[in-house]
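Structure first, commentary second.
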There are 2 protein chains.
Amino acid sequence: MTTQHDPQGEALTERQQAVLDAVLALMVEQGGELTMTAVARRASCSKETLYKWFGDRDGLLTATVRWQASKVRAGNYDRQRLDVSALRDSLIRFAANWLSVISSPTSIALNRLAIAQGGKGGKGAGNLGAIVLANGRFAIGERLRPVFEAGREAGLIAFADTETAFRSFIGLVGRDVQIRLLLGDRLDLAGPEIERDAARATDQFLALYGTGNHAPGRPTINA
Amino acid sequence: MTTQHDPQGEALTERQQAVLDAVLALMVEQGGELTMTAVARRASCSKETLYKWFGDRDGLLTATVRWQASKVRAGNYDRQRLDVSALRDSLIRFAANWLSVISSPTSIALNRLAIAQGGKGGKGAGNLGAIVLANGRFAIGERLRPVFEAGREAGLIAFADTETAFRSFIGLVGRDVQIRLLLGDRLDLAGPEIERDAARATDQFLALYGTGNHAPGRPTINA
DNA sequence: GGAGAACCGTAACGTACGGTACGGTGTTTT
DNA sequence: AAAACACCGTACCGTACGTTACGGTTCTCC
């Protein structure tokens, strides 16, 4: 009630960003520990400063999640030309990017944290999960929506509900990757593997929702 | 080193099962708290007994996970007749069952727990995730594998690798349900909704991997 | 150059919790 | 009946950790 800590504004000092990066690094390299003392030591700052800047432990965690989310916002997946090839490329590019994000150690650690304290029926910060969801899954959906709808208006793909189609796409791309990684399964997706999975998922999606005009896998000349 | 606690045998007293059920109930109804004292109070037993039976906290958790897993093993998805309709029914029945399992509060709480301590780089019990994975995701895969291969041998579906096909099926069925629930998203799948999703996913899977002989929705003359 | 703020490092406090010990009670065994 | 056992309830111990407090150092501003 004294002062509002981190009042939704992105007013983060260089130093503060460095501290949050230290939190991220700590989360990644040694799982769930993450004590305030460890953070202070790692970031070479005093605990007093930590509490002054972020209020309490939950404030620090929330700020960290937001900070990471603000770093991930990436490319826009243009929808200028509207032929099948361009749509397919956009989808593949998106899928590959998303796969590499969700399989990155940072994302795994962050999701693990949000899930861990997601069920704390108690008072304060049960919203980490909501923040991750809003900045991860839902932001992604909002970003891809125009691509889907442009594809539909161009008659390349057909579906009644954009959200439903999008969720099918998500399922084909991600499959059980995220839950397995969260549960500690090895299963490191290398670069080419990601690329291959992205292409497979996209082609499957187009096979399901494509209108058949210039359907992929029915090559004119190329492959 | 004194005595082996719960040595892989299912030698669980009625009373012990009741204790583990109390743990499950506690996990479900109040998220991640789960202190030994709370368990003892809830189960009306002494902490001493808890430690005598399960060794330590990790032992109790592990036993709980195993206990829940042993309760879930369900139907066998017969593969007697081998026409498309029977295959489709088996798949839908499986998908609906799996959806209802992963969206159940117990499963969510259990996965949350396993994920939460899954990254504990430390010494003891980093294997909860592995246990959940082995008894959940992988057991499911092993159980459905014969169905897939029977379908392939009957010429109803075609794929190079069973695992790959299975993972596509999993993706189409589960989509982002599990991760969203774990992150605290509301999204209660009612019975009819589950049934509908199961059918949709199965039909999509058959559209992708079906050979076209009597393909569903493309009757008799096929395409 | 001096006052004050910002911050680091560390010590101190309070609490929560895993784990243990102990007395009391009911049940089984001899 | 007495001893042995299994168990409940509770008190107790040690530690880890969130949070606060404080002395010392650097930087800024006048």
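Chain identifiers are assigned alphabetically (A, B, ...) following the order of the sequence lines, protein sequences preceding nucleic acid strands; residue numbering begins at 1 within each chain.
- Considering only side-chain N and O atoms, A:Trp53 lies nowhere under 4.0 angstrom from the phosphate OP1 or OP2 of C:dA6.
- Look at B:Glu163 and A:Arg175 and you find no salt bridge, because none of the NZ, NE, NH1 or NH2 atoms lies under 4.0 Å from a carboxylate O.
- Side-chain atoms of A:Lys47 and base atoms of D:dT19 include a donor and an acceptor less than 3.5 Å apart.
- To the nearest angstrom, P of C:dA16 lies 16 Å from CZ of B:Arg57.
- Phosphate proximity of D:dG9 to B:Ser46: absent, as no side-chain N or O sits under 4.0 Å from OP1 or OP2.
- As rounded to whole Å, 13 Å separates atom C1' of D:dG9 from atom CG of B:Leu50.
- For the side chain to side chain donor-acceptor pair (under 3.5 Å) test with A:Asp21, the passing option among A:Lys71, A:Arg42, A:Gln16, A:Gln68 is A:Lys71; the others fail.
- Side-chain to base pairing of A:Glu48 with C:dC7: no donor and acceptor N or O lie closer than 3.5 Å to each other.
- Backbone-only engagement by B:Arg15 is indicated by non-hydrogen atom pairs under 4.0 Å involving sugar-phosphate atoms exclusively.
- For the pair B:Leu60 CG and C:dG19 C1', the computed distance is 13 Å after rounding to whole Å.
- The existence of a salt bridge linking B:Glu48 and B:Lys52 is excluded, since no basic side-chain nitrogen approaches an acidic carboxylate oxygen closer than 4.0 Å.
- Considering only the side chain of A:Thr35, D:dG18 comes nearest among C:dG18, D:dG18, D:dT19.
- Rounded to whole angstrom, the span from the CE atom of B:Met36 across to the P atom of D:dT10 amounts to 17 Å.
- Salt bridge present: A:Asp203 and A:Arg88 bring a charged side-chain N and a carboxylate O closer than 4.0 Å.
- Contact record, A:Ser103 with A:Ile194: OG-CD1, 4.2 Å, taken as the closest heavy-atom pair.
- Distance CG (B:Leu26) to C1' (C:dC17): 15 Å, rounded to an integer number of Å.
- Taking atom OH of A:Tyr51 as the reference point, atom P of C:dG9 lies 16 Å away to the nearest angstrom.
- Rounded to a whole Å, the CZ atom of B:Phe54 is 16 Å from the C1' atom of C:dG19.
- Atom P of nucleotide C:dC17 and atom CG of B:Leu34 are separated by 11 Å, given to the nearest angstrom.
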